[in-house]
Amino acid sequence: MDREFVELLNVKIAGCTACRLHQGRTQTVPGDGDPNAELMFIGEAPGANEDKIGRPFVGRAGQLLDDLLAEVGFTRPEVFVANVVKCRPPENRNPQADEIGCCEVYLREQIEGIRPKLIVLLGLFATQYFLPDARIGQVRGQPHQTGPWLVLPVYHPAAILRNPSLREVTQQDFALIRPLLAQSERPPQQPRPSGHSHGPADDDSQRSLL
Ligand code: URA
């Protein structure tokens with residue numbers, strides 16, 4: 001994905017009023033990192049710090065994510081980090097199904113543009129985006145192929161902050177990242193509907209890809 005594409009998409013996200021979350025945001029948090037990364041992370045939603053700064057995972061959960069990444073030899077600029085929803089839910093409540101539905105077009109554009117070899121799913125909301133009935137405790141640490149995408153569900157860093165006993169198992173899950181990257185190929189470019197511009201697709205034809 002080239003940087004111009006990222007910037008156009010970010011402008012589109014910044015102007016989005018598709019769901020109620022736009023009313024309470026300071027700014028959108030589209031995601032950031034290397035638009036050609038082989039490794040992508042998807043979290044849940046921006047919190048207060050992210051809403052203030054406009055970048056994902058900049059608070060305590062972000063520091064923990066950086067630490068987990070460093071342990072397996074990655075820095076943040078080498079990967080791409082996004083969230084299921086791009087605006088902060090009020091009082092940090094869970095994003096609702098219709099809000100996730102409104103934002104889906106943007107995440108899909110990001111995934112299809114980046115075409116990462118591996119997508120690490122941080123917590124339940126990112127996991128259920130790909131594996132709708134999954135329970136995080138049951139699927140974490142197990143790579144799944146969903147359509148063209150290889151995904152690895154792990155506990156959300158915020159869950160580890162609340163329950164530090166989850167850290168060790170998450171370190172083990174992060175240790176799978178390098179071997180999985182070594183085994184996997186970058187998925188091929190996804191077909192786009194004819195006449196498709198940089199805007200979100202408005203038909204259903206690509207939903208099955210996720
Ligand atoms: N938690 C998330 O899921 N995303 C962020 O960007 C920050 C905290």
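In this chain, numbering begins with 1 at the start of the sequence shown. Owing to the predicted nature of the structure, the values given are computational and were not obtained by experimental measurement.
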Do Phe5 and Glu109 touch side chain to side chain, with heavy atoms closer than 4.5 Å? yes
Tell me whether the NZ or CZ atom of Arg108 lies within the 45° cone about the ring axis of Tyr129 and under 6.0 Å from its centre. no
Note: Asn92 and Gly47 closest approach over all heavy atoms is OD1-CA, 3.8 Å
Between the CG atom in Leu121 and the OG1 atom in Thr146, the distance rounded to the nearest 0.5 Å is 8.0 Å
Rounded to the nearest 0.5 Å, the CE atom of Met1 sits from the CD atom of Gln110 at a distance of 6.0 Å
Going by chain and number, the hydrophobic cluster around Val29 (ILVMFWY, side chain to side chain under 4.5 Å) further includes none
- Is there a donor-acceptor contact under 3.5 Å from the side chain of Arg178 to the main chain of Val72? yes
- Can you list the steps and then say if Glu44 with Leu122 is a side-chain contact (heavy atoms from CB on, under 4.5 Å)? CA-CA 7 Å; Glu44 178 180 322; Leu122 301 169; over 6 Å; no
Separation between OH (Tyr106) and CG (Asn10), nearest 0.5 Å, reads 11.0 Å
Minimal heavy-atom distance between Arg186 and Glu38, with the atoms involved, is NH2-CG, 3.6 Å
From the list Leu107, Leu21, Thr28, side chain to side chain contact (heavy atoms under 4.5 Å, CB included) partner of Val85 resolves to Leu21
Residue pairs passing the salt bridge (Lys or Arg N to Asp or Glu O under 4.0 Å) test with at least one member in residues 143-171, sequence neighbours excluded, are Glu71-Arg167
Contacts satisfying salt bridge (Lys or Arg N to Asp or Glu O under 4.0 Å) that involve residues 16-37 (not counting sequence neighbours) are Arg20-Asp98, Arg20-Glu99, Asp32-Arg55
Side chain to side chain contact (heavy atoms under 4.5 Å, CB included) test vs Ile42 passes for just one of Val151, Val84, Asn83, Val81, namely Val84
Under a 4.5 Å cut-off applied to non-hydrogen side-chain atoms, are Arg76 and Asp66 in contact?
yes
Smallest heavy-atom separation, Leu166 atom then Ala159 atom, equals CD1-O, 3.9 Å
Are any side-chain N or O atoms of Gln27 and backbone N or O atoms of Asp51, one a donor and one an acceptor, separated by less than 3.5 Å? yes
For Ala37 and Phe80, the nearest pair of non-hydrogen atoms, with its separation, is CB-N, 3.7 Å
Residues at least two apart in sequence or cross-chain that pass side chain to side chain donor-acceptor pair (under 3.5 Å) with Asn94, listed by chain then number, are none
I'd like to check Pro56 versus Phe41 (side-chain heavy atoms, cut-off strictly below 4.5 Å). Are they in contact?
no
query: Taking Arg115 for the side chain and Pro187 for the main chain, is one N or O donor matched with an acceptor at less than 3.5 Å?
result: yes
When every non-hydrogen atom of Cys87 is compared with those of Pro46, the smallest separation belongs to O-CD, 3.5 Å
- request: Give a yes or no on whether Gln23 atom CD has more than 12 heavy-atom contacts from other residues, nucleotides or ligands under 6.0 Å away.
  value: yes
Interatomic distance, CD1@Ile136 vs NE2@His156, rounded to 0.5 Å, equals 10.0 Å
Can you hop from Leu150 to Val139 via hydrophobic side chains spaced under 4.5 Å? no
Derivation and outcome, side-chain contact (heavy atoms from CB on, under 4.5 Å), residues Ile119 and Phe130 | CA-CA 10 Å; Ile119 306 174; Phe130 288 88; 4.0 Å; yes
One should read off an interatomic distance between Leu180 CG and Ile177 CD1, to the nearest 0.5 angstrom, of 8.0 Å
Grouping ILVMFWY residues whenever side-chain heavy atoms fall under 4.5 Å, the cluster of Val58 otherwise contains Ile53
| Contact check, side chains of Arg3 and Pro35, non-hydrogen atoms, under 4.5 Å | yes
Legend entry - Pro30 and Leu9, any side-chain heavy atoms less than 4.5 Å apart: no
So the side chain to side chain donor-acceptor pair (under 3.5 Å) pairs with at least one residue in residues 135-145 (sequence neighbours excluded) are Arg140-Asp173
### Query
Would you say the side-chain atoms of Asn36 pair up with the backbone N or O of Ile114, donor to acceptor, closer than 3.5 Å?
no
Closest heavy-atom pair, Ala134 versus Gln128, reported as atoms and distance to 0.1 Å, is O-NE2, 2.9 Å
Looking at Gly141, is its backbone amide N or carbonyl O close enough to the side chain of Gln172 to form a donor-acceptor pair, meaning the two atoms are under 3.5 Å apart? no
